[in-house]
Amino acid sequence: MAGFGLTGLEARGIIRDGLWRQNAGLVQLLGLCPVLAVSSSVVNGVSLGLATALVTGLSGALIASLRHWVPDELRNPVFILLIAALVTLVELLMRAGLPELYAVLGIFIPLITTNCIVLARAEAFASRNPVAHAALDGVMMGLGLTAVLAVLGGLRELLGRGTLLSGLELVLGEPARDWVIHLVPASAHYQFLLALLPPGAFLGLALLVAAKQWWEARPQTQPAAAAPLAGEQP
């Protein structure tokens, strides 16, 4: 990392911010439209998350490398044009390589252009930092969102259909259809619609946000260290 002008300490800070401390889905609460709409299964959520991570990483590096040549008055339009070009590239690649998955994710792939996470990181971080920092920040922000989509998709899929990894054949081909994990036998035709519909997404995300808040508050609820007794050395 030092060869890219990025120290180990800086890299660890950026990674912690992207995956946990400033997680786009749980802390910044950005990009909630795709989070709520596409997280009905692990495969859909992770696929869109990785596509977003690719765009945020590339756009961060590109914008950071051009930031000295872009006038402040034209900053946002130029950033959006660059992001739109990268999203188009990802869209064409997915349409060519994974057409069935592209058909499932539909409009949410081109809508990455207007995803608040991508533009917010371009404006707040990439336009003010060197290329390596901005690229790592973009990738980590995208992977943080991907982790949220994976957990939320897993919860909704388990509760809603009693399965895990359904739709994996859209990514890995027809043999992966047999890799689906059925916690409820397929013959039962189990469905819990509340988990599959948008209200289930809201409830699941609220539980994840609450779990993160609880985890971070834990050290504050630990009992204070006992005061030393009289005569004891502190």
Self-check item: Leu82 side, atom CG; Leu66 side, atom CG - distance, nearest 0.5 Å
Solution: 6.0 Å

Quiz item: Does NZ or CZ of Arg218 fall inside the cone over Trp215's six-membered ring, less than 6.0 Å from its centre and within 45° of the axis?
Solution: yes

Quiz item: Given side chains that start at C-beta, do those of Leu172 and Trp179 come closer than 4.5 Å, heavy atoms only?
Solution: yes

Could you list the donor-acceptor pairs under 3.5 angstrom formed by side chains in residues 191-206, with sequence neighbours left out?
none

Practice problem: Identify the heavy atoms of Ala134 and Ala64 that sit nearest to each other, and give their distance. | Solution: CB-CB, 3.6 Å

Practice problem: State yes or no: do Val55 and Leu58 share one hydrophobic cluster built from I, L, V, M, F, W and Y residues joined by side-chain heavy-atom distances below 4.5 Å, directly or via other members? | Solution: yes

Quiz item: Any idea which heavy atoms bring Gly106 and Pro110 closest together, and the distance?
Solution: O-CD, 3.5 Å

Practice problem: State plainly whether one hydrophobic cluster holds both Ile117 and Val139, where clusters connect Ile, Leu, Val, Met, Phe, Trp and Tyr through side-chain heavy atoms under 4.5 angstrom apart. | Solution: no

Quiz item: Can Met140 and Arg121 be said to form a side chain to side chain contact (heavy atoms under 4.5 Å, CB included), step by step?
Solution: CA-CA 11 Å; Met140 289 302 128; Arg121 296 318 292 178; over 6 Å; no

Exercise. May I ask you to decide if Ile109's main-chain N or O and Glu91's side chain share a donor-acceptor pair within less than 3.5 Å?
Key: no

Quiz item: Shortest non-hydrogen contact from Gly25 to Leu29?
Solution: O-CD2, 3.1 Å

Self-check item: Verify same cluster id: Ile107, Met94 (apolar side-chain graph, 4.5 Å)
Solution: yes

Quiz item: Leu143 and Leu50: side chain to side chain contact (heavy atoms under 4.5 Å, CB included), yes or no, with the steps?
Solution: CA-CA 7 Å; Leu143 292 181; Leu50 292 178; 4.1 Å; yes

Quiz prompt | Nearest-0.5 Å distance, OG1 of residue Thr56 to CD1 of residue Ile83 | solution = 9.5 Å

Quiz item: Any chance the side chains of Glu157 and Ser40 put a donor and an acceptor closer than 3.5 Å?
Solution: no

Quiz item: Any side-chain donor-acceptor pair under 3.5 Å between Arg156 and Ser39?
Solution: yes

Self-check item: Sub-4.5 Å side-chain heavy-atom contact between Asn115 and Val87
Solution: no

Exercise. Please check if the side chain of Tyr190 supplies one atom and the backbone of Leu159 the other of a donor-acceptor pair under 3.5 Å.
Key: yes

Quiz item: Can you list the steps and then say if Asp137 with Asp17 is a side chain to side chain contact (heavy atoms under 4.5 Å, CB included)?
Solution: CA-CA 8 Å; Asp137 174 77; Asp17 285 347; 5.6 Å; no

Quiz item: Does a side-chain heavy-atom distance below 4.5 Å link Leu119 with Thr113?
Solution: no

Quiz prompt | Distance, nearest 0.5 Å, that separates CG of Leu48 from CG of Leu105 | solution = 6.0 Å

Practice problem: Could you tell me whether the side chain of Leu170 reaches within less than 4.5 Å of the side chain of Leu98, counting heavy atoms only? | Solution: no

Quiz item: Shortest non-hydrogen contact from Val90 to Ala51?
Solution: CG1-CB, 4.2 Å

Self-check item: 4.5 Å side-chain heavy-atom contact, Leu158 and Leu164
Solution: yes

Quiz prompt | Atom pair CZ/SG of Phe108 and Cys33 - distance to nearest 0.5 Å | solution = 7.5 Å

Practice problem: Could you verify whether a donor N or O on one side chain and an acceptor N or O on the other, from Thr7 and Glu10, lie under 3.5 Å apart? | Solution: yes

Quiz item: Are Leu149 and Val43 connected in the hydrophobic side-chain network, where two residues link if heavy atoms are under 4.5 Å apart?
Solution: no

Practice problem: Can you tell me which residue pairs pass the salt bridge (charged side-chain N to carboxylate O under 4.0 Å, His left out) test with a partner in residues 61-82, sequence neighbours excluded? | Solution: Asp72-Arg75, Arg75-Glu123

Quiz item: Side-chain heavy atoms under 4.5 angstrom apart, residues restricted to Ile, Leu, Val, Met, Phe, Trp, Tyr: same cluster for Leu26 and Leu19?
Solution: no

Quiz item: For the atom pair CG (Leu208) and CD (Gln213), what is the distance rounded to the nearest 0.5 Å?
Solution: 12.0 Å

Self-check item: Min side-chain heavy-atom separation Trp20-Val27 under 4.5 Å
Solution: no

Practice problem: Output the distance between atom CE (Met141) and atom CG (Leu136), rounded to the nearest 0.5 Å. | Solution: 10.0 Å

Practice problem: List the steps, then state whether side chain to side chain contact (heavy atoms under 4.5 Å, CB included) holds for Val184 with His182. | Solution: CA-CA 5 Å; Val184 178; His182 289 272; over 6 Å; no

Quiz item: Looking at Ser127 and Phe79, what are the two nearest heavy atoms and their distance?
Solution: CB-CZ, 3.8 Å

Quiz item: Side-chain contact, heavy-atom cut-off 4.5 Å: Ile181 with Leu183?
Solution: yes

Exercise. Can you see which heavy atom on Val118 is nearest to which on Ile112, and at what distance?
Key: CG2-O, 3.8 Å

Exercise. Return yes if some donor-acceptor pair links the side-chain N/O of Ser166 with the main-chain N/O of Thr163 below 3.5 Å, else return no.
Key: no

Quiz item: If we only count heavy atoms from C-beta on, is the Ser47 to Asn44 side-chain gap below 4.5 Å?
Solution: no

Quiz prompt | Donor-acceptor pair, side chain of Asn129 and main chain of Phe125, under 3.5 angstrom | solution = yes

